[in-house]
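Structure first, then comments.
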Amino acid sequence: MTKNLVIVESPAKAKTIEKFLGKDFVVKSCFGHVRDLVKKDLGVDIENGFIPQYVITPDKKKVITDLKKIAKDAEMIWLASDEDREGEAIAWHLVEALGLKEKDTKRIVFHEITKPAILEAIENPRKIDKNLVDAQQARRVLDRLVGFELSPLLWKKIKPSLSAGRVQSVAVRLIVEREEEIKGFNVTSAYRVLAEFIITKDIKQILLSAELNKRFSEKKDAIAFLEKCKNAAFSIEDIETKPSKKSPAPPFTTSTLQQEASRKLGFSVANTMRVAQQLYESGKITYMRTDSVNLSKLALNVAKNVVTDSFGAEYVKTRQYTTRTKGAQEAHEAIRPTYLDNRTIEGDHSQTRLYDLIWKRTIASQMNDALLEKTNVTINISNTAEKFIARGEVIKFDGFLKVYMESRDDEDDENQEGLLPPLTVGEKMIPKEISAQEKFSQHPPRYTEASLVKKLEELGIGRPSTYAPTISTIQKREYVVKEDRDGFIRSYGMITLKDKTISEEIKTENTGFEKSKLFPTDIGNLVNNFLVQYFDNILDYNFTASVEEEFDEIAQGKMVWNQMIRDFYFPFHEQIEKTLEQSQKVSGEKLLGQDPVSGENIFVRIGRYGPMVQKGDADPENKPKYSSLKKGQSIDTITLPEALDLFKLPRTVGLFEDEEVVASAGRFGPYVRHKSAFFSLAKTDDPLEISLDRAIELIHEKRKKESEKLIREFPEKEDLKILNGRYGPYLSYQKQNYKIPKANDPSKLTLEDCLKIINETEPSKSSRAKKKK
DNA sequence: CAGTGAGCGAGCTTCCGCTTGACTT
């Protein structure tokens, strides 16, 4: 008999809390939201005050059944979902879905999973805050209305299966607009002058590096300056020393963890979250989806002890950070090691590295400032007004730097400031070498997954639980691609003054290469331009912020949620209707030129299946030829010769085993076909150039793999085979697949054994078969 | 899984945010 049932969102949390509460309490988890709007249509009754039509989410049916069973016998149900808008709604949905009575239900909240915090929560129960629930309903309904009215518009005007939404469309917009900025960026160059001086002290020679306080945009000015330097005298005019300090970064939130794991460990956002989830489930770190930088009192104490023991008391500085992030709801702690005194953990390479990062960041956040001394040395040039400046930085006390330093996106190692030699004002020096190097201005950087998350967080768009899924959605819809791009060779001027002679040379550098950056695709550009043109209000970077203000008013009881939705919806729906009527279908069509052979027009545009080229005008007399663009090509940049090449496929490569080998490119990339079988090309193969020898090699490779796939077949039953698949051995019989029970050795199964397995087990359903239902 | 792009029409796609396993050939 269960006296008390506590329901939390996460099963890992449930396990921990159960330990704190004793035998009168059973703690279960509901695995997040348990109900949602119906999926198949709008799910909102617009005529009747926007009543949401909720159903129990299919994968939560079992969870609800189980909870119902326990709740029936319990004296009291404690709803302990997170203390934020979504958590409050989860509690309310649980009441509805489980049919709980008010007298048997209490709502409790806590921000940290520690015994005192849980006990205190139990001592201070409250009721469900219906205003906060309504704010969540408004959020949910607004997102549904926007997504399910905009997306179908795109299906009609651009291409089926596209999607748009409050969050993803802004994410795409950021990437599209950044690319436009880059395209429109005006690269300028200027000469940066560096000098290396020799100071003679007694018999010792000291070197000092300095940079001129001015850059020359014209080469002739740089040369003129160096000419002056030939006969100039150099001396120290001023030495300015001032103390400065650096403070540690706050503990990790989801967003900052994703950024640092990307910069320091090269993890993708999805990878970071996968590994963090593993660490959380094994009890090594606190919850990984959080927007809070807060640490529990317990953690602060342990951190203090760890710092004292490891580095000494002078390194301790206990700090409580406050969140400045827009829209943060702070239902959890910051991401930190559960036990800060565990310096390292058992685990695989990714886990130990991510844990190490989290440990360092957390510990550093509780350490003292680093004290620095910055020195600026001004060097006078006798015959001109410009000055050379030498900069130095000395760490007087390393503080938190002993453990951890946050990385930046735009790190360049050019300006390394180190220790300066001892100098005095008036000291004379002679230049060993002075050089003016042409430096180019940098366009704004393309987004990485992590820097996009950072930007979204700044705009208050999206939540810790959605950053990674959003990034995956916009890639899945093919609005953006994450890829590496080659750079190019650029030449720059270098003028050097050495031994009283000036020499000029042209040098080259490799620049502009990109690694794992987000680029917009043709479809991304087209969809974004369409949405920005007709729905600038929704695509506005401040749209989320302004609706969030209204959600807050609903939460405070100052606004009625469906009133707010009504005020939004009707003008928005009007906008949809108007766009439906007035806008043209968009395909981004562009006339590229003419086919030199036939004189026919060559067009590029977005077709039913993506970017394509068309040869010939479409009219009743003439059916044009079509072909899809290759991966990496864009309707924006494709040239006429490249387009013409696309019509050369399919192409006969030669004869093999008396049958034609044909090379082409299909839905799943380039392939060769032989005897109606398909063989995918490798990345390095080009269907336009592939040789017969190489094609035959591919055919042999695949045949070999096929033969390895077959473990056993039976002459008496031709449609029964034991095969080796991606997930281990399985049975294939009459186009159905069957799992082989683990106890069996697949290579020793007899025909009888197989038939028995087939009769006793259900065929494994393919995901496609499920979808069709 | 492997060539589609007209036009018709059926039936489908789609949002954001909260949680983890189930399951794939």
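In this text, all values refer to a predicted model and were calculated from it rather than measured experimentally.
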Checklist entry - A/Arg274 side chain N/O closer than 4.0 Å to the phosphate oxygens (OP1, OP2) of B/dG21? => result no
Next on the checklist: On the nucleotide B/dT19, are OP1 or OP2 found under 4.0 Å from the side-chain N or O atoms that A/Arg289 carries?
Outcome noted: yes
Checklist entry - Which part of the nucleic acid does A/Ser680 contact within heavy-atom distance under 4.0 Å: base, sugar-phosphate only, or nothing? => result base
Next on the checklist: Under 4.0 Å, heavy atoms only, any strand: does A/Gly607 hit a base, just the sugar-phosphate, or nothing?
Outcome noted: base
Checklist entry - Please give, in whole Å, the distance from B/dC1 P to A/Tyr609 OH? => result 17 Å
Item to check | A/Gln475 (side chain) donor-acceptor with A/Ile471 (main chain) under 3.5 angstrom | outcome: yes
Checklist entry - At under 4.0 Å between heavy atoms, what does A/Pro624 touch on the DNA or RNA strands: base, sugar-phosphate, or nothing? => result nothing
Checklist entry - Just how far, in rounded Å, is P of B/dG21 from NZ of A/Lys60? => result 11 Å
Next on the checklist: Checking contacts here: which listed nucleotide (B/dG5, B/dC18, B/dT20) is nearest the side-chain heavy atoms of A/Gln277?
Outcome noted: B/dT20
Checklist entry - When all nucleic acid strands are considered with a 4.0 Å heavy-atom cut-off, which category describes A/Gly43: base, sugar-phosphate, or nothing? => result nothing
Next on the checklist: Is there a side-chain contact between A/Arg477 and the phosphate of B/dT14, meaning an N or O under 4.0 Å from OP1 or OP2?
Outcome noted: yes
Checklist entry - Looking across every strand, which nucleic acid part, if any, lies under 4.0 Å from A/Ser628 by heavy atom: base, sugar-phosphate, or nothing? => result base
Checklist entry - Within the stacking criterion (centroid distance below 5.5 Å, interplanar angle below 30°), does A/Phe31 stack on B/dT20? => result no
Checklist entry - Can you tell me how far P of B/dT13 sits from CG of A/Leu153, to the nearest Å? => result 18 Å
Checklist entry - Is any side-chain nitrogen or oxygen of A/Ser81 closer than 4.0 Å to OP1 or OP2 of B/dC18? => result no
Next on the checklist: Please classify the nucleic acid contact of A/Lys625 as base, sugar-phosphate, or nothing, using heavy-atom distances under 4.0 Å.
Outcome noted: nothing
Checklist entry - Taking the nucleotide of DNA chain B with the closest heavy atom to each, which residue, A/Arg651 or A/Gly462, is nearer the 5' end? => result A/Arg651
Next on the checklist: Please check: side-chain N/O of A/Asp522 versus main-chain N/O of A/Ile635, any donor-acceptor pairing under 3.5 Å?
Outcome noted: yes
Checklist entry - For the residue pair A/His93 and A/Tyr54, does the interplanar ring angle fall in the parallel (under 30°), tilted (30 to 60°) or perpendicular (over 60°) class? => result perpendicular
Checklist entry - Within the pair A/Arg139 and B/dC18, is there a side-chain N or O less than 4.0 Å away from OP1 or OP2? => result no
Next on the checklist: Suppose you measure atom P in B/dC23 against the same atom in B/dA2; what distance do you get, rounded to whole Å?
Outcome noted: 27 Å
Next on the checklist: Working note: A/Asp645 + A/Leu688, criterion side chain to side chain contact (heavy atoms under 4.5 Å, CB included); need CA distance, chi angles, decisive distance, verdict.
Outcome noted: CA-CA 8 Å; A/Asp645 272 350; A/Leu688 281 174; 3.7 Å; yes
Item to check | Phosphate-side-chain proximity, A/Gln614 and B/dG5, N/O vs OP1/OP2 below 4.0 Å | outcome: no
Checklist entry - Using a cut-off of less than 4.0 Å, is there contact between a side-chain N or O of A/Tyr287 and OP1 or OP2 of B/dT19? => result yes
Item to check | Any donor-acceptor N/O pair, A/Thr57 side chain to A/Asp59 backbone, under 3.5 Å | outcome: no
Checklist entry - Do we count A/Phe148 as stacking onto B/dT14 if the rule is ring centres under 5.5 Å and planes under 30°? => result yes
Item to check | Whole angstrom value for the distance that separates P of B/dT14 from CZ of A/Arg144 | outcome: 12 Å
Next on the checklist: Using OP1 and OP2 only, check whether a side-chain N or O of A/Ser465 sits under 4.0 Å from B/dC18.
Outcome noted: yes
Item to check | Separation of atom OH in A/Tyr467 from atom C1' in B/dG17, rounded to whole Å | outcome: 12 Å
Checklist entry - Base, sugar-phosphate, or nothing for A/Val167, non-hydrogen atoms under 4.0 angstrom? => result sugar-phosphate
Next on the checklist: Please classify the nucleic acid contact of A/Leu162 as base, sugar-phosphate, or nothing, using heavy-atom distances under 4.0 Å.
Outcome noted: sugar-phosphate
Checklist entry - Closer than 4.0 Å, any side-chain N/O of A/Arg140 to the OP1 or OP2 of B/dC15? => result no
Next on the checklist: For a quick check of understanding: with a heavy-atom distance under 4.0 Å over all strands, which category does A/Gln136 fall into, base, sugar-phosphate or nothing?
Outcome noted: nothing
Next on the checklist: At less than 4.0 Å, is any side-chain N or O atom of A/Gln168 found next to OP1 or OP2 of B/dC15? Yes or no.
Outcome noted: yes
Checklist entry - At their closest point, which heavy atom of A/Ser583 faces which heavy atom of A/Phe530, and how far apart are they? => result OG-CE1, 3.8 Å
Next on the checklist: Within the 4.0 Å heavy-atom criterion, would you say A/Asp59 contacts the bases, only the backbone, or no part of the nucleic acid?
Outcome noted: nothing
Item to check | Atom-pair distance (CD1 on A/Ile90; P on B/dT19), nearest Å | outcome: 7 Å
Checklist entry - Base, sugar-phosphate, or nothing: which does A/Ala89 touch, judged by heavy atoms less than 4.0 Å apart? => result nothing
Next on the checklist: Nearest whole Å is fine: how far is B/dT20 C1' from A/Lys62 NZ?
Outcome noted: 13 Å
Checklist entry - Rounding to the closest angstrom, what is the interatomic distance between B/dC1 and B/dG21 at atom P? => result 30 Å
Next on the checklist: Classify A/Ser163 by what it touches in the nucleic acid, base, sugar-phosphate, or nothing, heavy-atom distance under 4.0 Å.
Outcome noted: sugar-phosphate
Item to check | Distance below 4.0 Å between A/Thr466 side-chain N/O and B/dG17 OP1 or OP2 | outcome: yes
Checklist entry - Hey, is the side chain of A/Arg166 poking within less than 4.0 Å of OP1 or OP2 on B/dG17, counting only N and O atoms? => result yes
Checklist outcome for this item: Per nearest nucleotide of DNA chain B, the residue lying toward the 5' end, A/Asp84 or A/Glu149, is A/Glu149
Next on the checklist: With rounding to the nearest 0.5 angstrom, report the CZ to CG distance, A/Phe568 to A/Leu145.
Outcome noted: 7.0 Å
Checklist entry - To the nearest Å, how far apart are A/Leu150 CG and B/dT13 P? => result 18 Å
Checklist entry - For A/Gly147, does its backbone N or O pair with a side-chain atom of A/Ser151 as donor and acceptor, under 3.5 Å? => result yes
